[in-house]
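Throughout, a chain's letter reflects where its sequence line sits, starting with A, and its residues are numbered from 1.
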Amino acid sequence: MENKAISCKNLTKQFGDFKAVDRVTFDVEQGEIFGFLGANGAGKTTAMRILCGLSFPTSGEATVAGFDVYKQQEQIKKNIGYMSQKFSLYDNLTILENIVFYGGVYGVSRVDIKIRSDELISTLGLEKEAKKLVGELPLGWKQKLAFSVAIFHRPKIVFLDEPTGGVDPVTRRQFWDMIYQAAESGITVFVTTHYMDEAEYCDRISVMVDGRVEALDSPTNLKNKFQTDTMDNVFYQLARGAKRADS
Amino acid sequence: MKQLLAFVRKEFYHVFRDKRTLLILFGMPIVQIVLFGLALSSEVKNIGVAVMDNARDVQSEQIIAKIRSSAQFEIKEDELNYKEIEEHFKTGEIKCAVLFPANFGSKLYKAEGAQIQVIADASDPNTATTVANYLNVIVRNYQGELNPNTQLSYQIIPEIRQLYNEEQNGSLNFIPGVIALIFMIVSTALTSVSVVREKEMGTLEILLVSPFKPVLVLLAKAIPYLVLSLIDFIIILLLSVFFLDVEIWGSLPLLFVESTLFIITCLSLGLLISNVTNSQQTAMLISMMGMMLPTMLLTGFMFPLENMPKIFQWISNILPSKYYYAIMKGVMLKGLGFSYVWKETLVLVGMSTVLLFIALKNFKNRLQ
């Protein structure tokens, strides 16, 4: 269990009679790109909030980066990065100020902030824009920058909640290149998405239906199992059995 | 600590890059002080007065000369008839008219006495009363000059002293009120909006996932607005002293301590509002309607509380600004020490503690 990036066993979150997450069990290997799929209301967000140390499960066990979700929320938070579907940088701060701010919040030392931000800005080719307000950047760039900021403090795991919403296909492709790079450097990527072509990019995928994980395997195996050639069909076959309406 | 500093610096960037926030922060106090100080002055100067002198004798001329020489009145030079007077009232050129009957001078020395008619524009009742009083004084003085030797046998002259405000400086009363209002705007409205803005943008979520403690998020939001409120406080004090000639009687350190206490109350309110709302507009609306309006109407700085229906007097008791207003009035204008305002201070301390406790509790619960 210690070697796994994320490990859940019978993880359950109950609100009154409603089981948002129902006995979910899965492991995520280190350095893996793990796709977390499910229709709206399937319980993805609730599960993700537990894993990010934002809420407590009702029952079951889970560890993130080896830390217990009940007792070691603080440790978990130090070891993960997070980027949400909503845009997560400050529009009226410059690129550099955003980087320095998030670095500071995560307790990265001043020297490291300096070294890493120079490095980051040159990798992204943003030397000229570094002193510009983030609000002036095109959305694709903002998204890429937000991802870079989410892994700026070198987390063990990065959670991406629908990171490519509203971005054009070319930028999405570039964004996934960045995800691959991060995974290669050893960061585990936990990503939710509604785009089935993106699901194909993941090493393994889990599909949640009505609070339960109904399928979990590599995209190729899943397609074989459901005897179809697109992830779209796999997802549709699983999700149409859902009883919960959109939340 | 370093994390907190990074956060506070970020908050200042937000403030100094947003023109609207800057305008509210520094434009508002200046405009309010100038407006309240000058426009709402209860003093009456240069009132247009029309004179209709049907007597044209020495006595009427003398009275007119007195009216002319007083700073309060400005006589319309051309003589008007009744109809013209009415027209001038309607256009607002004159606020009052003085009419002398034909036989004014001769009647003055007869038993029945002389009469003059004073017509005032009472659509503004306060001005009308003041004008009538001024004219009364002028006429009485003239009477006194006519018979300097004959004293009335029994005379009572009330010697009136306007304590704490001998010069009748109209600005005095509302400066503490304006200060309370500004604190409400900066510490309650702006703070709540700034937290809710992060909710709307989704950045609050990111902050909560970070190892930064939720309580520190609130603290980091509050510190900049505490500092800015104190800067506003200094601006208002300076303007009051040098621009409106208000004398500050009480101790400055006490004023600052009490103000900081009230700012903390306002900040707690702002944080509480930001917890229960999800849009900037709602936060603004609640701060304005729920907090500022009652502050203006029910703390006694615009309308005397004593004259209000009982229910409003009760409501006013739960308003923190009422106690702060009382403290400020006492310390700033009367020079009272802490021993006179400790009760109000205690109420404010109690209120901030409760509000802050609820705000923090609420914030934590929402995270679960």
Distance from B:H14 atom NE2 to A:D91 atom CG, nearest 0.5 Å? 9.5 Å

For chain B, which candidate among A:V100, A:I76, A:L93 shows the most heavy-atom pairs at distances under 4.5 Å? A:L93

Among A:K78, A:E74, A:R110, A:E97, the residue with the most heavy-atom pairs under 4.5 Å to chain B is A:E97

Residue A:V149 versus chain B: region with a heavy atom under 4.5 Å: neither

Residue from B:A220, B:G202, B:A6, B:P211 scoring the most non-hydrogen pairs under 4.5 Å with chain A is B:P211

Tell me, out of B:Y13, B:F212, B:F7, who's got the most heavy-atom pairs with chain A below 4.5 Å. B:Y13

CZ of B:F357: more than 12 outside heavy atoms within 6.0 angstrom? no

Among B:I206, B:V209, B:L204, which residue has the highest count of heavy-atom pairs closer than 4.5 Å to chain A? B:V209

Rounded to the nearest 0.5 angstrom, the CG-NZ distance for A:N98 and B:K10 is 9.0 Å

Residue part contacting chain A, namely of B:L207, when any heavy atom lies under 4.5 Å: side chain

Answer yes or no: is there a side-chain heavy-atom contact under 4.5 Å between A:L89 and B:M201? no

One should read off an interatomic distance between B:T203 OG1 and A:Y102 OH, to the nearest 0.5 angstrom, of 5.5 Å

Could you walk me through whether B:Q3 and A:Y106 pass the side-chain hydrogen bond (donor to acceptor under 3.5 Å, both in side chains) test, one step at a time? CA-CA 7 Å; B:Q3 289 163 297; A:Y106 275 93; over 6 Å; no

Report the distance from atom CD of B:E11 to atom CZ of A:F101, rounding to the nearest 0.5 Å. 7.5 Å

